[in-house]
Amino acid sequence: MSNEKEKSAGKSLQEKLFSVKKNGLLKLSNEQIADVDAFCEGYMKYLDDAKTEREAVTAAVKLAQAKGFVPYDAKKKYSAGDKVYYVNRNKSVILCVFGTDSLENGVRIAAAHIDSPRLDLKQHPVYESQELCLLKTHYYGGIRKYQWVTIPLALHGVVFRADGSCVEVNIGEDESDPVFCITDLLPHLAQEQSKRTLADGIRGEELNVLIGSRPFNDDEVSEKVKLNVLAILNEKYGIIEDDFISAELEVVPAYKAKDVGIDRGLIGAYGQDDRVCAYTALEAILECEAPKTTAITILTDKEEIGSMGNTGLQSAYLKHFIYSIAEAEGVACPTVLAHSKCLSADVCAAMDPTFPEVLESKNAAYVNYGVGMCKYTGSRGKSGSSDASAEFVSEVRQLFDANEVIWQTSELGRIDLGGGGTVAAYVANLDIDVVDVGVPVLCMHAPFELTSKHDVYMAYKGFKVFFEVK
Ligand code: MN
Ligand code: MN
């Protein structure tokens, strides 16, 4: 307008110099928001299909096969556009699309984890007490134990029988299935328990899963309820009590992913840390057709307990895979690693309006502000963090800005309040440039975690443009 007042010098300067943050949804058209919502339907289906690391591998392989991925063969020489996957011990998977460039120029990796906090059954879990049958558990990862009582629970996993044969168990997911539950005290009788600290409110040895209540009708036997439970399990799965010794059975929340909020802007589900980045990194590589740089999505196990074990990223399996493809091309593996780049795809903490004091507001991630980039994690002075370089942060910043990926920075909470880490440090140890990029989550590690559909979509877009760099 001609009569519009001219901007003051200060105002113009402010617009030029100040950092401006804006809700990502205010930057999108209605059509773009419809794309966001459509993408998240696939994600929610994946969450329902993949509640354990094994199921996450199976579901990922199924989606990959449908897009033409085939099992990796170390003896084969691959060329641009070839799509392969490599499953490591049924609990982690590497997906790779070969690029047009030589491996001398490195690979591009998105690394997410597919294990989530949960309750594992102990090796001798079954017992009867007060004529009820229960299962002893040992929690896995950082849980707040009080959150796991009085919610419907399902049992997932594998059992190896005495003869070495394996049976898969999945109880509590089908609408007609029974579910399980961990009991808690009634408030009327909880005066003593209520004096415990919150961390101690429910103790590890109190996380006992109620699995049965009806006795086997025979006056000759003791532990009739336990006998009845084992009889049902034997009939259904052909297993006996000793078979729990060679089993991996995980107790997880029994409900499915749901839209949260009257506007359906959020997703509520178990295991979004880190299946939200696993699914988005997976979809990004499934869309990948002959990229310039060879693209790799790795869905790894054991992050929640320190990336230990041969399915976690502290093991050599990623390096060995890169070694293998390098060898086939006649390139030295250290050369490939030194020129490689990685987005460590893991979630970050979102600002919670009820508990804003745990984050520092200028550096926290916010719901609907896009995928978070976290330069450093760690605790007590960044200890344990890989601390991404300014050079690599600059590169990812330019890439996201040039491709309309809505993103923000994130930090793992106020200084000295706690902290944590991701796989970034272990990838960095391989001589690879890496920075954490992932979706902000509310109530992380709870049995029901929340993410924004907008931010989920932006993570997918971020991983996609990272792979598609020309
Ligand atoms: Mn995580
Ligand atoms: Mn976690």
Side-chain angles (χ1 to χ4, degrees), residues 43 46-47 50-53 55-57 60 91-93 109-120 139-145 147-148 250 252-253 267-282 297-309 311-314 318 342-350 352 358-359 364-365 371-379 384-386 388 410-413 417-428 434-452 455-456 459-460 462-463:
Y43 169 49
Y46 184 77
L47 284 171
K51 288 196 179 178
T52 68
E53 58 281 15
E55 292 169 357
V57 167
K91 295 190 216 176
S92 49
V93 58
I109 305 166
H113 69 91
I114 47 176
D115 60 318
S116 293
R118 61 182 189 249
L119 308 176
D120 286 343
Y139 68 98
Y140 172 99
I143 65 162
R144 308 191 73 194
K145 301 181 193 81
Q147 295 177 335
W148 287 75
E250 304 179 11
V252 296
I267 295 165
Y270 163 71
Q272 298 203 68
D273 172 10
D274 185 33
R275 285 176 206 128
V276 64
C277 296
Y279 181 77
T280 47
L282 173 66
T297 284
I298 177 163
L299 308 182
T300 193
D301 183 29
K302 296 284 185 280
E303 192 279 339
E304 295 294 356
I305 57 168
S307 298
M308 315 302 293
T311 52
L313 261 194
Q314 289 215 57
L318 172 62
C342 174
L343 299 183
S344 163
D346 206 346
V347 298
C348 57
D352 182 333
V358 302
L359 297 173
V371 63
M373 185 184 349
C374 194
K375 186 177 182 297
Y376 50 85
T377 56
S379 55
S385 170
S386 89
S410 64
E411 196 183 47
L412 195 51
L417 196 67
T422 64
V423 300
Y426 312 119
V427 175
V434 57
V435 65
D436 280 302
V437 168
V439 177
V441 175
L442 286 167
C443 18
M444 193 193 295
H445 283 208
F448 197 68
E449 301 176 307
L450 306 179
T451 56
S452 130
D455 301 339
V456 173
Y460 157 69
F463 301 135

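Keep in mind the model is a prediction, meaning the values are calculated, not measured. We number each residue from 1, following the sequence as shown. Read the numbers this way: they start at 1 and go in the same order the structure lists the ligands and their atoms.
Residues forming a ring-ring contact (aromatic ring centres under 6.0 Å, His included) with Phe448 (at least two apart in sequence, or on another chain): Tyr255. Residues that satisfy the side chain to side chain contact (heavy atoms under 4.5 Å, CB included) test with Ala111, not counting sequence neighbours, are Ile109, Ile298, Leu313, Cys342, Val423. Among residues two or more places apart in sequence or in another chain, the ring-ring contact (aromatic ring centres under 6.0 Å, His included) test is passed with Tyr460 by Phe39, Tyr457.
In this structure, Glu53 pairs ionically with Arg118, as a charged nitrogen and a carboxylate oxygen lie closer than 4.0 Å.
Around the Mn ion (ligand 2), protein N, O or S atoms at less than 2.8 Å comprise Asp273 OD2, Glu304 OE1, Glu304 OE2, His445 NE2.
Smallest separation of non-hydrogen atoms from His445 and Trp148: O-NE1, 4.5 Å. Ala365 and Ala349 make their closest contact through CB-O, 3.8 Å (heavy atoms, listed as atom of the first residue, atom of the second, distance).
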